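Since the model is a prediction, treat every value here as computed from it, not as a measurement.
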Amino acid sequence: MANIKSAKKRILVSQKKHDRNKSIKSSVKTAIRKVEAAVAANDKAAAEKALLAATSTIDKAATKGVYHKNNAARKVSRLAKAVNAMA
């Protein structure tokens with residue numbers, strides 16, 4: 001365990017950031033799973049609705065610095081491509 005005051009603070013701050021980032025990543029993964037489930041069920045309306053929500057969630061994560069903007073763009077692109085490929 002750290003003895004220096006600044007080191008103790010860094011531990012607390014990094015733990016807070018870790019928890020925040022983990023929560024955001026989890027919500028992104030959940031949103032992606034919802035889109036993929038709708039695509040697998042061949043439900044175009046639900047997939048489009050889920051895609052809209054997922055895009056918003058992913059963009060917010062990129063804005064907060066949890067994901068790099070190119071990574072976020074790639075995730076959105078792949079989801080959109082899957083939804084658009086539906087009959």
Which residues share a side-chain contact (heavy atoms from CB on, under 4.5 Å) with [X], sequence neighbours left out:
{"X": "Ala54", "answer": "Ala31, Val35, Leu79"}
{"X": "Leu12", "answer": "none"}
{"X": "Ala73", "answer": "none"}
{"X": "Ala40", "answer": "none"}

Can you see which heavy atom on [X] is nearest to which on [Y], and at what distance?
{"X": "Val66", "Y": "Lys25", "answer": "CG1-CG, 3.6 Å"}
{"X": "Met86", "Y": "Ala38", "answer": "CE-O, 4.2 Å"}
{"X": "Ala72", "Y": "Ala62", "answer": "CB-CB, 3.6 Å"}

- Item | Interatomic distance, Ile58 atom CD1 to Thr63 atom OG1 [nearest 0.5 angstrom] |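 It comes to 11.5 Å.
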
Enumerate the side chain to side chain donor-acceptor pair (under 3.5 Å) contacts for [range], please, sequence neighbours excluded, ordered by first and then second residue.
{"range": "residues 8-21", "result": "Gln15-Asp19"}
{"range": "residues 48-62", "result": "none"}
{"range": "residues 73-82", "result": "Asn71-Arg74"}

